[in-house]
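All values below come from the heavy atoms of this structure, side chains included, with hydrogens, waters and symmetry mates left out.
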Amino acid sequence: MAVAVGRGFLLQPSSSSSFISKDVNKSSIGITSAFLPAKPGTTRRYLATVVRAQQRPTWLPGVDPPPYLDGTLAGDFGFDPLGLGEDPESLRWYVQAELVHARFAMAGVAGILFTDLLRVTGIRELPVWYEAGAVEFKFASTRTLFIVQLLLMGFAETKRYMDYISPGSQAKEGSFFGLEASLEGLEPG
C-alpha cells in the first residue's frame, strides 16, 4: 500500500521488494494500481496503489493551470479563473501592479512598527495605528492631507506608468528634477 506524504511516497510492502513509479509527475492527480514484479524464482506479487502528484502545486489540487501561467512568476499557482492574464501585455502590467502593492504593504508595516516604537518609548504621543484615521491632526486639515496625497501619489504613479509604457523614458535628462541618473538601469515601474 502506498501512502502519499507531500510529494514523496512511502511504500510498505510485506517483503523487502520496493516499487517507485517512473511517471509520478506526469498527470495532475490520479490513482493507479499496479502489480509489483516478483523476485526471480518466486511467484509472489504485491498490489501497489500509487497516487500521482502534480508537477507543480496549484491553487486547487487537480486543476491544471492555464498554459500562459507556466510557473515562472513568483507565487504562480495557476489561479486565473477569469482569464485576465491571457494577454502577455496585461500580464506584464499585473506583475508590475502586484510589485507596487507589495511595496506599499511593506511600507505600511514599517510605518506601523516605527510609529508604535515612537509611541511605546514615549518619544511622541501618537495614536495606535488602527485608530490613526479617526485622529484630527493639528498641523493640517484632513482635506489638505488628502489633496497633498492625491498630488504626490498622482505624480509618482504617472511617472511609473510612463516608464512602463516607454521603458527608460524617465531616466532621460530633464524628466525628474535632475535626478535621472539614479533611475538608469532599473526595471520599468
Novice: Would you give the length of the straight line joining atom CD of Glu157 to atom CG of Leu152, rounded to the nearest 0.5 angstrom?
Specialist: 12.0 Å
Novice: Around atom CZ of Phe114, are there more than 12 heavy atoms of other residues, nucleotides or ligands at under 6.0 Å?
Specialist: no
Novice: In terms of hydrophobic clustering (I, L, V, M, F, W, Y; side-chain heavy atoms under 4.5 Å; direct or indirect links), are Ile123 and Leu117 co-clustered?
Specialist: no
Novice: Locate the shortest heavy-atom distance separating Phe104 from Met153; write the atom from each residue and the value.
Specialist: CZ-CE, 3.1 Å
Novice: Would you check if the distance from the ring center of Trp93 to the ring center of Tyr161 is below 6.0 Å?
Specialist: yes
Novice: Hey, what do you get for CG (Leu151) to CZ (Phe146), rounding to the nearest 0.5 Å?
Specialist: 10.0 Å
Novice: Taking all non-hydrogen atoms of both residues into account, name the closest pair between Asp76 and Arg56 and its distance.
Specialist: O-NH1, 3.0 Å
Novice: When you group the ILVMFWY residues by side-chain heavy-atom contacts below 4.5 Å and let the links chain together, are Tyr94 and Leu82 in the same group?
Specialist: yes
Novice: Starting at CD of Glu136, measure out to CG of Leu145 and round the result to the nearest 0.5 Å.
Specialist: 8.5 Å
Novice: Strictly distance-based, threshold 3.5 Å: is any side-chain N or O of Thr115 a donor or acceptor partner for the main-chain N or O of Ile112?
Specialist: yes
Novice: Salt bridge between Asp116 and Arg119, side-chain N to carboxylate O under 4.0 Å?
Specialist: yes
Novice: So, do Tyr68 and Pro88 sit near enough that their side-chain heavy atoms are less than 4.5 Å apart?
Specialist: no
Novice: Got more than 12 heavy atoms from elsewhere within 6.0 Å of CD, Glu131?
Specialist: yes
Novice: Which heavy atom of Gly85 sits nearest to which heavy atom of Asp80, and what is that distance?
Specialist: N-OD2, 2.8 Å
Novice: Go through the steps to decide whether Leu73 and Leu91 satisfy the test side chain to side chain contact (heavy atoms under 4.5 Å, CB included), and finish with yes or no.
Specialist: CA-CA 10 Å; Leu73 297 172; Leu91 185 60; 4.2 Å; yes
Novice: Is Leu118 reachable from Leu113 through a run of I, L, V, M, F, W or Y residues, each pair having side-chain heavy atoms under 4.5 Å apart?
Specialist: no
Novice: Could you pull out the closest heavy-atom pair between Pro66 and Gly78, with the gap in Å?
Specialist: CD-O, 3.5 Å
